[in-house]
Amino acid sequence: METNKAYEEIISSLDPCAPAPEDEPFRQYYFIARARKSLAEVEAKLGRKLTFHVATFGCQMNARDSEKLRGILEEIGYVPVDTEEADLVLYNTCTVRENANTKVYGRLGGLHSWKKKNPHMMIGLCGCMMQEEHVVKTIREKYRFVNLIFGTHNIYKLAELMSRALDHPDEMVVDIQQKTDLMVEQLPVDRTYKFKSGVNIMYGCNNFCSYCIVPYVRGREKSREPLDILREIEQLVADGVIEVMLLGQNVNSYGKTLENPVSFAELLESVAQIDGLRRVRFMTSHPKDLSDELIAVMAKYPDKICPHLHLPLQSGSSRLLKHMNRRYTKESYLELVDKIRAAMPDISLTTDIIVGYPGETEEDFQETLEVVEKVRYDSAFTFIYSKRSGTPAAKMDDQVPEDVVKDRFNRLLLLVQNIGREQTARFEGQVKEVLVEHINEQDPGLVTGRMDNNSVVHFPGDASLIGQIVKVKLDKCHGFYYLGTQA
Ligand code: SAH
Ligand code: SF4
Ligand code: F3S
């Protein structure tokens with residue numbers, strides 16, 4: 001990638017034997033040079049290049065962080081591979097629900113068998129799960145074959161930590177920070193897609209929804225300076241990106257704590273004005289902070305700002321919402337939806353819903369179903385409540401019995417799927433623009449892309465279309481995707 005060439009020039013001019021500089025990001029450039037030297041020694045011993053694999057769990061934030069991790073590892077000299085049978089495997093973990101943790105522990109077992117056969121292999125763990133003390137304690141005690149552990153606040157330090165791990169392969173390098181005020185940018189990135197990219201506009205979360213662990217593992221909310229964000233997007237556009245997704249746990253509270261406060265709507269409007277950029281998306285929007293100004297900006301740039309809002313509901317019961325500390329009610333949520341639809345009648349709405357929050361009654365659950373029926377989401381992620389230690393909800397003793405939760409979950413799923421199918425199909429027969437992402441995984445004669453509202457479309461085509469926006473006739477909707485033909 002063009003942007004990484006500039007880093008290469010600086011890094012190759014550094015002396016890895018000189019003392020480490022203090023200032024970031026130069027300190028990391030120095031450690032890239034240093035780790036590169038250590039890696040070259042291992043390569044010489046093994047007589048080949050070394051490979052790495054980063055496995056990502058969790059949300060878009062983690063996906064973006066993994067692109068940064070990969071960028072640094074490639075700059076050090078590791079070669080990316082698509083299998084965990086690699087010389088270095090790094091798990092970028094999630095802990096939002098218990099099953100995310102269980103998966104990591106399970107897969108670590110598999111990695112251990114591989115490592116026994118390949119003693120030079122290195123295993124690293126990072127991300128949200130590592131910010132929990134009990135996790136690090138368990139790994140120190142039961143997974144002693146892990147080489148490297150770091151958290152969410154020091155991802156930018158990967159080169160420094162890798163350098164240490166390469167020089168001390170028999171030790172477990174652990175570096176967890178409880179918080180940071182630093183936002184170290186200007187490091188190499190390896191994007192998954194050449195033509196689209198996530199862009200962090202803020203980090204952390206201040207909302208403390210009663211069930212949620214994110215504020216504890218990602219720290220307090222910090223917004224990036226608008227000029228830094230705009231410059232990054234301009235660089236991405238120069239490097240071939242035509243779609244960006246602005247990322248934050250609650251983008252609607254963006255900019256409030258900056259020295260010169262800027263609203264998310266103002267930021268979004270500036271991004272929409274960037275030449276060469278074709279589409280802007282964002283997530284996630286907390287309903288409590290969604291402003292009229294934002295709705296107006298979205299309606300003003302219908303061809304550039306994607307007509308899609310992910311508006312997590314969590315529950316339709318005002319009583320539970322209050323308990324969850326969501327700071328909106330069923331009524332205010334529905335009013336907001338009306339306002340959005342009045343300004344953008346065709347917009348696609350999607351959501352997240354939790355079933356089985358402590359104390360949830362059948363009446364509460366009925367209210368959730370009622371909101372789903374009224375709003376008619378294009379799609380909804382439905383989750384079974386998972387107790388996260390350290391959150392206020394974990395201390396509540398009226399947990400809903402498992403069989404009741406499962407029954408409610410199935411009823412909800414059926415409803416969201418039925419409505420989702422009908423909603424998704426509303427464009428059948430029309431011609432829409434599709435950004436082609438890849439060759440279809442099942443049928444190599446088809447390509448797969450997304451409409452501006454995020455709906456998936458498959459149509460006959462070849463690799464030359466990847467990264468292009470193509471007009472496609474939506475012939476037939478099959479549940480959650482369309483089959484089409486180039487118009
Ligand atoms: N910042 C986003 C959500 C990030 S977490 C927002 O506020 O909308 C993504 C989703 O995971 C949440 O919307 C919620 O539905 C779900 N989630 C979070 N904690 C959970 C828990 N303890 N159990 C089940 N689902 C949970
Ligand atoms: Fe979690 Fe709530 Fe923050 Fe979303 S807004 S990350 S649900 S605490
Ligand atoms: Fe998971 Fe962390 Fe995202 S806990 S949902 S990866 S912010």
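Along the sequence shown, the residues carry numbers beginning at 1. All ligand and atom numbering here is 1-based and tracks the order in the structure.
Those atoms of ligand 3 that come under 4.0 Å of a heavy atom in V96, given as number and element, are 1 (Fe), 4 (S), 5 (S). Each of the following atoms of ligand 2 lies closer than 4.0 Å to a heavy atom of Y211: 7 (S). Using a 4.0 Å cut-off to heavy atoms of Q249, the atoms of ligand 3 that qualify are 7 (S). Of all atoms in ligand 2, numbered sequentially from 1 with element shown, those under 4.0 Å from a heavy atom of N207 are 5 (S). Which parts of ligand 1 touch Y385 is read off a 4.0 Å heavy-atom cut-off, strictly below it: atoms 23 (N), 24 (C). Contact atoms of ligand 3 toward N62: 6 (S) (distance under 4.0 Å to a heavy atom of the residue). Here is the list of ligand 2 atoms found below 4.0 Å of a heavy atom in C205: 3 (Fe), 5 (S), 6 (S), 8 (S).
The part of P215 lying near ligand 2 is the side chain, judged by heavy-atom distances below 4.0 Å. With a 4.0 Å heavy-atom cut-off, ligand 2 is reached by the backbone of C209 and by its side chain too. Within the 4.0 Å heavy-atom criterion, the part of I384 lying near ligand 1 is the backbone and not the side chain. Proximity of C128 to ligand 3, defined as any heavy-atom pair under 4.0 Å, is confined to the side chain (atoms from C-beta onward). For S386, heavy-atom contacts with ligand 1 shorter than 4.0 Å involve the backbone as well as the side chain. At a heavy-atom cutoff of 4.0 Å, ligand 1 is contacted by no atom of K387, backbone or side chain. Residue R388 touches ligand 1 through its side chain alone, judged by heavy-atom distances below 4.0 Å. Contacts with ligand 3 closer than 4.0 Å are made by no heavy atom of M129, backbone or side chain. Contacts with ligand 2 closer than 4.0 Å are made by no heavy atom of N250, backbone or side chain.
With F427 as the aromatic partner, K432 meets the cation-pi criteria of under 6.0 angstrom to the ring centre and within 45 degrees of the ring axis.
Using a 4.5 Å heavy-atom cutoff, the side chains of N62 and C128 are in contact.
Among protein heavy atoms, atom 7 (O) of ligand 1 sits closest to R326 NH1, 3.3 Å. Scanning all protein heavy atoms for the shortest distance to atom 4 (S) of ligand 3 gives T95 N, 3.3 Å. Taking atom 8 (O) of ligand 1 as the reference point, the nearest protein heavy-atom neighbour is P312 CG, 2.9 Å. Considering only non-hydrogen protein atoms, atom 9 (C) of ligand 1 sits nearest to D352 OD2, 3.7 Å. Protein heavy atom nearest atom 1 (Fe) of ligand 3, with residue, atom name and distance: C94 SG, 2.4 Å. The protein heavy-atom contact nearest to atom 14 (C) of ligand 1 is Q314 OE1, 3.4 Å. Closest protein heavy atom to atom 1 (Fe) of ligand 2: C212 SG, 2.3 Å.
At a 3.5 angstrom cut-off on N or O pairs, R97 counts as close to ligand 1. At under 3.5 Å, a nitrogen or oxygen of Y211, whether backbone or side chain, sits near a nitrogen or oxygen of ligand 1. At least one N or O atom of Q249, backbone or side chain, sits closer than 3.5 Å to an N or O atom of ligand 1.
Residue C59 does not count as close to atom 1 (Fe) of ligand 3, with no N, O or S atom under 2.8 Å.
In this structure, F381 and F383 have parallel ring planes: the angle between them is below the 30° cut-off, well short of the 60° mark. Aromatic ring pairs are classed by plane angle as parallel below 30°, tilted from 30° to 60° and perpendicular above 60°; the pair F57 and Y91 is perpendicular. Relative orientation of the H478 and Y481 rings is parallel, given thresholds of 30° and 60° on the angle between their planes.
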- Show your working on side chain to side chain contact (heavy atoms under 4.5 Å, CB included) between Y333 and L313 and close with a plain yes or no. CA-CA 8 Å; Y333 185 97; L313 170 68; 4.0 Å; yes
Under the criterion side chain to side chain donor-acceptor pair (under 3.5 Å), I'd like the reasoning laid out for E360 against S315: C-alpha separation, chi angles, the key distance, then a yes or no. CA-CA 9 Å; E360 183 189 70; S315 168; 5.4 Å; no
Note to self: Please determine whether ring-ring contact (aromatic ring centres under 6.0 Å, His included) holds for the pair Y385 and Y211, giving the CA-CA distance in whole Å, both sets of side-chain angles, and the decisive distance to 0.1 Å.
What the structure shows: CA-CA 8 Å; Y385 169 73; Y211 50 82; 7.4 Å; no
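For the residue pair T329 / R319, no side-chain donor-acceptor distance below 3.5 Å is found, with atom types taken as modelled. Side-chain contact, S210 with Y357: a donor N or O sits under 3.5 Å from an acceptor N or O. In the model, Y193 has no side-chain atom that pairs as donor or acceptor with a side-chain atom of R191 under 3.5 Å. In this model, a donor atom of one side chain and an acceptor atom of the other lie less than 3.5 Å apart for K288 and N207.
A side-chain contact (heavy atoms from CB on, under 4.5 Å) with L158 is found for one member of D65, L187, I76, L73 and no other, namely L73. Exactly one residue among N410, T368, V372, T382 makes a side-chain contact (heavy atoms from CB on, under 4.5 Å) with L415. That residue is V372.
Heavy atoms of Q60 come nearer than 4.0 angstrom to ligand 1 in no pair at all. Residue contacts with ligand 1 include V96, since one or more of its heavy atoms lies under 4.0 Å from the ligand. Look at N207 and you'll find every heavy atom at least 4.0 Å from all atoms of ligand 1. Distances shorter than 4.0 angstrom occur between a heavy atom of I354 and an atom of ligand 1.
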